[in-house]
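If you're wondering where the values come from, they're calculated on a predicted model, not measured in any experiment. For ligands, and for the atoms within them, numbers begin at 1 and follow the listed sequence.
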Amino acid sequence: MATHQSGHESRHSKPKPRQVNPITAAIQSWIAATLPSTESDSQNSRNENLINSAPKRFTIYEPLALLPTGSFTSETWASILRTCDEATCNSLWRSILEEISKTGQGRVTHLAVNEGIPLHKNGEDAENVRRSPSGLRMLFGDFGSARGGDQPTRSDFDDAFWVGTKQNGILQTWAPRWTMFSRGNVKEKARVLGFKRPPVGQGDRWAVDLYAGIGYFVFSYASLGMRVLCWEINPWSVEGLRRGAKANKWSVKVIQGEDLALPMETLLAGGERIVVFLESNERASKRIAEAQDSELASNITHVNCGFLPTSEPVWESAWEITRLAPEAWLHLHDNVGVADIESRRAAIQTTFAAWAASGGGLRRPSVEHVEQVKTFAPGVWHCVFDVCITGSSISNNGT
Ligand SMILES: C[S@@+](CC[C@H](N)C(=O)[O-])C[C@H]1O[C@@H](n2cnc3c(N)ncnc32)[C@H](O)[C@@H]1O
């Protein structure tokens, strides 16, 4: 279970004996054991500065403790850490892990700093489309080899460091060296869990996730009883998704390599709850059209388009793949300035209305709801635009 702590008591809890923040406690004993003490004013103020500028918050994704951006980079910390040898630094990190483990929120053996997910990797022009966490600053513990980044083998997967968390009762797992994880999406996942469950006995209901990651939203749809088709280009995320699906006891199939050339009818014949294609979502609409020719995946009731700053490149595919569903919902993730949310909603409505008109006007799209998930930057919201499409008549029994 992921836990997040600031070291402050809740306003409503009974007064308890004041507890020292575990990171502060670790630093205090490390200073006492490591740094020469002469009781001079300048050393006292340096030590105070070390404690004040150290992080107080952490998130546990067992067995990893993740510290916030910028941790241990203040001038005082940078100069102390520069002069410490590896063993002395390690004794600090170990002491922090021990103190965090003592809080009873989970046993942690690895320590890292979350330096965010750069849109471009160092010095590279190309966009970091996989949203790889190249900013992860690994302080302590074996995070697995740097080998196998782009084309990992089964043994790279077996040797990697995996962490897990449970959100809304659903397990998720990932290798933090290779795959991002956004804790802030927990609210949106919970909202998805509140969508209508498919009625029993009326054929399969399907969901599609065009940016599956490690299954953040895929698992919400699976737990609602839908079959899910998903696309993801990062093999590390696909492996996390596969492991997570198994941990939640859902059948899962990964389609990759030569199998990508097999007919959709063959690929979907096993009836797995989750089928993930390790390839670009640019191929999704063609594949789904092929499946629908075989009367499979006709009733796609939800399509998740979860890419920021915008998922616009896949909106037309999402429109096309739902053409046989009597009622479909598209969930379009988009970063929007707070003052522009209404005009963005209107622009999305116009785009979909134009597609509807060019298809004969039978399907009726409507932007029914805008969910403001979290602030992405000052004045910018991560929004999800829910587009409801009605008016199609399903051509078969919905399977
Ligand atoms: C921001 S993560 C989204 C994961 C999850 N849906 C979420 O919202 O938290 C975006 C994911 O899309 C994947 N991705 C980017 N471009 C893609 C493409 N063309 N086809 C399939 N997956 C893609 C990346 O590898 C990454 O795992």
Heavy atoms only: which of N281, I214, N304 is nearest to atom 19 (N) of ligand 1?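 It is N281 whose heavy atom sits nearest to atom 19 (N) of ligand 1.
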When you measure from atom 8 (O) of ligand 1 to each heavy atom in W174, F217, W236, which option holds the nearest one?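 Considering heavy atoms of W174, F217, W236, the nearest to atom 8 (O) of ligand 1 sits in F217.
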Got a salt bridge between R287 and E279, using NZ or NE/NH1/NH2 to carboxylate O under 4.0 Å?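 Between E279 and R287 there is a salt bridge, with a charged N closer than 4.0 Å to a carboxylate O.
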If the threshold is 4.0 Å, N to carboxylate O, is there a salt bridge linking K102 and E98?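 Between E98 and K102 there is no salt bridge, as every charged N stays at least 4.0 Å from the carboxylate O atoms.
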Report the part of [X] in contact with ligand 1, treating N, CA, C, O as backbone and CB onward as side chain, heavy atoms under 4.0 Å; options are side chain, backbone, both, neither.
X	value
Y216	side chain
L210	backbone
N185	side chain

Relative to the heavy atoms of N234, which atoms of ligand 1 are at a distance of less than 4.0 Å?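 Near N234, meaning under 4.0 Å from one of its heavy atoms, ligand 1 has 25 (O).
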Are R363 and W319 in a cation-pi contact, defined as NZ or CZ under 6.0 Å from the six-membered ring centre and within 45° of the axis?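 Positive - R363 is close enough to the ring of W319 and near enough to its axis.
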Should R191 and V384 count as side-chain neighbours, where that means a heavy-atom distance under 4.5 Å?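 Of all side-chain heavy-atom pairs linking V384 with R191, at least one is under 4.5 Å.
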Are F277 and L267 close enough, and set up right, to give a side chain to side chain contact (heavy atoms under 4.5 Å, CB included), and what steps lead you there? CA-CA 10 Å; F277 294 86; L267 295 175; 4.0 Å; yes
Has ligand 1 got any nitrogen or oxygen that is less than 3.5 angstrom from a nitrogen or oxygen of H333?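 It does not: no N or O of H333 is found under 3.5 Å from an N or O of ligand 1.
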Check this for me - ligand 1, D209, N or O atoms closer than 3.5 angstrom, yes or no?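 For ligand 1, there is no N or O atom that lies under 3.5 Å from one belonging to D209.
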Is a side-chain donor or acceptor of H331 paired with a backbone partner of F385 at a separation under 3.5 angstrom?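 Pair absent, no side-chain N/O of H331 close to backbone of F385.
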